[in-house]
K.L.:
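A single structure is presented below for examination.
Below, all heavy atoms of this structure are taken into account, side chains as well, without hydrogens, waters or symmetry copies. Computed from a predicted model, the values in this text were never measured in an experiment. Sequence positions, counted from 1, serve as the residue numbers for this chain.
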Amino acid sequence: MATLILVRHGRSTANTSGVLAGRMPGVALDERGAAQAAALPGRLAGVPLAAVVTSPLQRCRETLRPLLDARPGLPLHTDERISECDYGDWSGRKLAELSDEPLMEIVQAHASAAAFPGGESMRAMQTRAVDAVRDWNARIEAEHGEDAVYAMCSHGDVIKSIVADALGMHLDLFQRIHVDPCSVTVIRYTRLRPFLVRLGDTGDFAALAPRETGDAGGTGTGTGSGTGSGAAEVGGGAGAP
């Protein structure tokens, strides 16, 4: 079956301001995110891509623009099923204030039971995203052969949920997975099982350095990945500054 390259969008203005963007319109890449996107064609230069699939949100489309410019004629498809989780009434709110919401504890420890007010459940998010991957695997293999490689640009929680499925990991454990902005995760699907080939690969280990307290996108108590407190940020966090 096909090999899937999952690209998380580059760092966005919502990431750096600590806002849970969800599906809000007008959320663009920030300066670092644009630089990350510009480097993506070079990072994938040796990979023959059959197609690219994207979330419809602006930050994903902006992330893919340099890659598509570098490869004229590369087919681009948009799939609503790999869009960001619908955080409903939480969308647009500061992550710092959401940390005090009782639901956040459920999101962290029992994600399969978490449903956002006015939005969707994390279980529904995973189901639609995995269905999309399975459908695209079959389509890409049918059109390009079982050794074909394609890319999908999506969002932190969506990518983590796809990885959890590939590993046979319960959704309640998916917060143990971390993917930085513009990181590359690779899953090779076969008839019997998927293989996780890369996870959150940025080629940059600066994210492992301790952060100063108060840095944007971090917890102030842990590593640059924003996971030092033991809690994963909904929406994926900002990653390295």
Side-chain angles (χ1 to χ4, degrees), residues 2-16 19-30 33-34 36-38 40-41 43-44 49-69 71 74-88 90-92 116 119-137 139-140 149-166 171 174 177-187 199-202 233-239:
T3 295
L4 169 62
I5 298 177
L6 288 161
V7 179
R8 185 183 169 196
H9 63 77
R11 197 174 73 173
S12 73
T13 53
N15 292 145
T16 47
V19 169
L20 185 62
R23 299 180 177 181
M24 292 170 52
V27 178
L29 299 184
D30 68 5
Q36 291 170 332
L40 190 60
R43 291 168 61 198
L44 298 179
L49 294 174
V52 176
V53 185
T54 185
S55 156
L57 296 181
Q58 178 180 341
R59 52 196 183 273
C60 287
R61 292 186 283 108
E62 288 183 355
T63 298
L64 290 175
R65 189 170 298 144
L67 178 64
L68 295 170
D69 288 345
R71 301 196 189 194
L74 180 63
L76 174 66
H77 308 276
T78 300
D79 195 324
E80 294 275 355
R81 295 175 296 175
I82 60 168
S83 187
E84 178 65 285
C85 184
D86 183 355
Y87 298 117
W90 278 25
S91 301
F116 296 97
E120 71 178 331
S121 68
M122 302 205 87
R123 188 174 64 254
M125 174 198 72
Q126 182 185 46
T127 298
R128 62 171 166 82
V130 171
D131 283 349
V133 167
R134 296 293 182 177
D135 289 348
W136 280 104
N137 284 349
R139 176 173 172 176
I140 294 296
V149 181
Y150 72 106
M152 202 175 255
C153 188
S154 188
H155 308 268
D157 283 347
V158 175
I159 292 172
K160 287 160 56 179
S161 74
I162 293 170
V163 171
D165 172 78
L171 184 61
F174 97 127
I177 300 166
H178 183 80
V179 290
D180 277 319
C182 222
S183 62
V184 171
T185 294
V186 182
I187 304 171
L199 176 62
D201 188 348
T202 63
E233 289 191 12
V234 181

K.L.:
With no hydrogens and no angle check, is any side-chain donor or acceptor of T16 less than 3.5 Å from a backbone partner on S12?
P.N.:
yes

K.L.:
Is there a side-chain contact between P56 and E80, using heavy atoms and a 4.5 Å cut-off?
P.N.:
yes

K.L.:
Assess the residue pair R134 and D165 against the criterion (side chain to side chain contact (heavy atoms under 4.5 Å, CB included)); give the C-alpha distance rounded to whole Å, side-chain angles, the decisive distance to 0.1 Å, and a yes or no.
P.N.:
CA-CA 11 Å; R134 296 293 182 177; D165 172 78; 3.7 Å; yes

K.L.:
Can you find a heavy atom in the side chain of S83 that is under 4.5 Å from one in the side chain of L57?
P.N.:
yes

K.L.:
Give a yes or no on whether the backbone of H155 and the side-chain of E84 come within a donor-acceptor separation of less than 3.5 Å.
P.N.:
no

K.L.:
Near R23 CZ, under 6.0 Å, is it more than 12 heavy atoms from other residues, nucleotides or ligands?
P.N.:
yes

K.L.:
Indicate yes or no: does D86 engage R128 in a salt bridge with an N to O separation below 4.0 Å.
P.N.:
no

K.L.:
Mind checking whether H9 and N15 have side chains closer than 4.5 Å, heavy atoms only?
P.N.:
yes

K.L.:
Would you call L4 and Y150 a side-chain contact if the rule is heavy atoms closer than 4.5 Å?
P.N.:
yes

K.L.:
Calculate, to the nearest 0.5 Å, the distance between atoms CD1 and CD1 belonging to I187 and I5 respectively.
P.N.:
11.0 Å

K.L.:
What is the minimum heavy-atom distance between A51 and I140, and which atoms define it?
P.N.:
CB-CD1, 3.9 Å

K.L.:
Below 4.5 Å, heavy atoms only, C-beta onward: do E120 and C85 meet side chain to side chain?
P.N.:
yes

K.L.:
Side chains of L40 and P66: does their closest heavy-atom pair fall under 4.5 Å?
P.N.:
no

K.L.:
For residues V130 and I162, report the shortest heavy-atom separation together with the two atoms involved.
P.N.:
CG2-CA, 4.4 Å

K.L.:
For the pair T185 (side chain) and L6 (backbone), establish whether a donor and an acceptor sit closer than 3.5 Å, ignoring hydrogens and angles.
P.N.:
no

K.L.:
Got R81 and W136 here, is their nearest side-chain heavy-atom distance under 4.5 Å?
P.N.:
yes

K.L.:
Do side-chain atoms of R59 reach the backbone of G10 as a donor and acceptor pair under 3.5 angstrom?
P.N.:
no

K.L.:
Salt bridge (Lys or Arg N to Asp or Glu O under 4.0 Å) for K160 and D157? Distances and angles first, verdict last.
P.N.:
CA-CA 5 Å; K160 287 160 56 179; D157 283 347; 3.6 Å; yes

K.L.:
Can L67 and L49 be said to form a side chain to side chain contact (heavy atoms under 4.5 Å, CB included), step by step?
P.N.:
CA-CA 11 Å; L67 178 64; L49 294 174; 4.1 Å; yes

K.L.:
Consider side chain to side chain contact (heavy atoms under 4.5 Å, CB included). Of M122, R123, Q126, which one does S161 pass it with?
P.N.:
Q126

K.L.:
Is there a side-chain contact between D180 and Q36 (heavy atoms, below 4.5 Å)?
P.N.:
no

K.L.:
Step by step, work out the side chain to side chain contact (heavy atoms under 4.5 Å, CB included) result for C153 and V52.
P.N.:
CA-CA 8 Å; C153 188; V52 176; 5.6 Å; no

